[in-house]
Amino acid sequence: MLHEKPKRIVLKISGESFCPVSDRGISMDSVNHLASQIAKVAQGGVEVIVVMGGGNILRGAQFKAGNSTIQESTAHYMGMLATVLNGLALQDAIEALGQPTRLMSAIPMDTVAEPYIRRRATHHLERGRVVIIAGGTGSPFVTTDTAAAQRALELDADILLKATKVDGIYSADPEKDAEAVLFKNLTYDDVLRQNLRIMDSEAIAKCKEHGMPVMVFNFRKEGLLQRAAAGEMVGTLVTAEKA
Ligand code: UDP
């Protein structure tokens, strides 16, 4: 046990966890798998904020790169809208398990989601609802990693958990380099200096500035989210100093 049992967590879910490896779009089997893990954590008494990614549908920078006519900001807004599609799918999947949720969007969209208002999000958390945040930060040119760092700070979370398809942060891409070493514990400066691309550097810098612990873990392994939410070390922990 390397950190205290958190009372409130932010879980950053990348869009890629919503579809089978090397696929795109939304597979409800993948969504249901995540939803059941999230519901168990919430029903165990931990307050859960999910910050939804959208990369399974569209990432602004990549979409712009393939299309000369689209403005980059438009592409980023499209990416933000993609996170709302994912958020809607996750909301129904979690509620089908009897766990109340609220979907909040940083881009006003009143007929499908509540507007994101910090005090309202806190109110929902105190009532045991899982708060799903879509629309990123509401501004282009950043990613949902930055949105996750921002929400973790403003909603006073104890830790930011980043769910990935690998076991944590490695010295190199473990899918391409058999020699890649998995780190158990890193400092924010290690991640920034070594340019370990597991989260965007803006998000790590924000966490560093305010001492928000980050843990990167494998969401595909059953039970790891529950263990991480219980304060166990299940991947790579990033803090100001090595534990
Ligand atoms: N995005 C944005 N502002 C934000 C969050 C996201 O412009 O605050 C856009 C950006 O283009 C990004 C896309 O939405 O690529 C989808 O988010 P992200 O790439 O973070 O999704 P993930 O990789 O986590 O699935």
Side-chain angles (χ1 to χ4, degrees), residues 9-27 30-31 33-35 38 49-67 69-91 93 103-109 112-113 115-118 121 131-155 160-166 168-169 173 175 191 196-207 214-220 225 235:
I9 60 171
V10 163
L11 175 64
K12 160 66 209 290
I13 300 182
S14 293
E16 66 185 10
S17 44
F18 270 28
C19 54
V21 182
S22 15
D23 207 348
R24 298 187 67 73
I26 300 175
S27 143
S30 306
V31 179
H33 172 74
L34 270 163
I38 293 167
I49 302 141
V50 176
V51 172
M52 205 51 253
N56 53 322
I57 300 170
L58 191 142
R59 288 196 177 97
Q62 287 168 4
F63 191 70
K64 163 67 193 158
N67 295 283
T69 44
I70 197 150
Q71 290 183 29
E72 185 154 359
S73 336
T74 308
H76 285 299
Y77 278 106
M78 290 166 73
M80 284 185 261
L81 294 180
T83 71
V84 181
L85 298 185
N86 287 338
L88 284 165
L90 183 64
Q91 175 168 48
L103 176 63
M104 306 188 98
S105 173
I107 297 179
M109 214 179 288
V112 292
Y116 173 73
I117 297 168
R118 182 179 63 87
V131 172
I132 303 166
I133 300 183
T137 59
S139 299
F141 296 99
V142 288
T143 72
T144 52
D145 282 353
T146 299
Q150 174 68 33
R151 302 309 177 209
L153 292 169
E154 67 182 282
L155 293 170
L160 166 50
L161 300 177
K162 167 139 176 162
T164 66
K165 56 187 178 180
V166 293
I169 307 181
D173 183 347
E175 289 178 345
V191 176
L196 300 168
R197 295 171 176 280
I198 196 75
M199 229 177 161
D200 72 45
S201 50
E202 204 172 325
I204 289 288
K206 215 174 238 314
C207 290
V214 177
M215 189 148 66
V216 179
F217 73 102
N218 190 334
F219 70 88
R220 293 188 205 270
L225 173 59

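Order of listing sets the numbers, starting from 1, for every ligand and every atom in it. Scope of the values below: all heavy atoms of this structure, side chains included, with no hydrogens, waters or symmetry mates.
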Participant: Could you tell me the residue and atom name of the protein heavy atom closest to atom 17 (O) of ligand 1, and the distance to it rounded to 0.1 Å?
Facilitator: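 Its nearest protein heavy-atom neighbour is T144 CG2, 3.6 Å.
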Participant: Run the contact test for S139 against ligand 1 with a 4.0 Å cut-off on heavy atoms, strictly below, and give the result.
Facilitator: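 Per 4.0 Å heavy-atom rule, S139 contacts ligand 1.
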Participant: Do Y116 and S105 come within less than 4.5 Å of each other through their side chains, counting heavy atoms only?
Facilitator: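 The answer is no; the side chains never approach within 4.5 Å.
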Participant: What I want to know is whether G15 and ligand 1 share at least one N or O pair that is separated by under 3.5 angstrom.
Facilitator: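 Yes; the residue has a nitrogen or oxygen that sits under 3.5 Å from a nitrogen or oxygen of the ligand.
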Participant: Are Q62 and ligand 1 in contact, using a heavy-atom cut-off of under 4.0 Å?
Facilitator: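 No, Q62 has no heavy atoms under 4.0 Å from ligand 1.
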Participant: Looking only at heavy atoms, is any part of M78 under 4.0 Å from ligand 1, and if so is it the side chain, the backbone, or both, or is it neither?
Facilitator: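 Neither; nothing of M78 gets under 4.0 Å from ligand 1.
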Participant: Does A203 offer a backbone N or O that forms a donor-acceptor pair with the side chain of D200 under 3.5 Å?
Facilitator: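 Answer holds: yes.
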Participant: Side chain of N67, backbone of T69: donor and acceptor closer than 3.5 Å?
Facilitator: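 Not at all, since once roles are kept as given, no pair shorter than 3.5 Å links the two residues.
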Participant: Give yes or no for whether the N/O distance cutoff of 3.5 Å, strictly under, is met between G55 and ligand 1.
Facilitator: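 Among all N and O atoms of G55, at least one is under 3.5 Å from an N or O of ligand 1.
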Participant: Taking distance alone, with N or O pairs closer than 3.5 Å, would you say L58 contacts ligand 1?
Facilitator: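 Between L58 and ligand 1 (N or O atoms, distance only) the closest approach is not under 3.5 Å.
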Participant: Between R151 and G136 (side chain of the first, backbone of the second, donor and acceptor by atom type, cut-off under 3.5 Å), is there such a pair?
Facilitator: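 Here the side-chain-to-backbone pair exists.
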Participant: Is there a heavy atom of T146 sitting under 4.0 angstrom from any atom of ligand 1?
Facilitator: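 It does not, in that no heavy atom of T146 comes within the 4.0 Å cut-off of ligand 1.
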Participant: Would you please determine whether P140 falls within less than 4.0 Å of ligand 1 on a heavy-atom basis?
Facilitator: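 Contact present.
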Participant: Heavy-atom distances under 4.0 Å are what count here, so tell me which part of F141 touches ligand 1: side chain, backbone, both or neither.
Facilitator: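 The part of F141 near ligand 1 is the backbone, not the side chain.
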Participant: Quick check on F63 - does any of its heavy atoms sit under 4.0 Å from an atom of ligand 1?
Facilitator: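 Judged by the 4.0 Å heavy-atom criterion, F63 does not count as contacting ligand 1.
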Participant: Testing the 3.5 Å rule here: is there a donor-acceptor pair between the side chains of S17 and K165?
Facilitator: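 Note: S17 and K165 side chains miss the donor-acceptor criterion.
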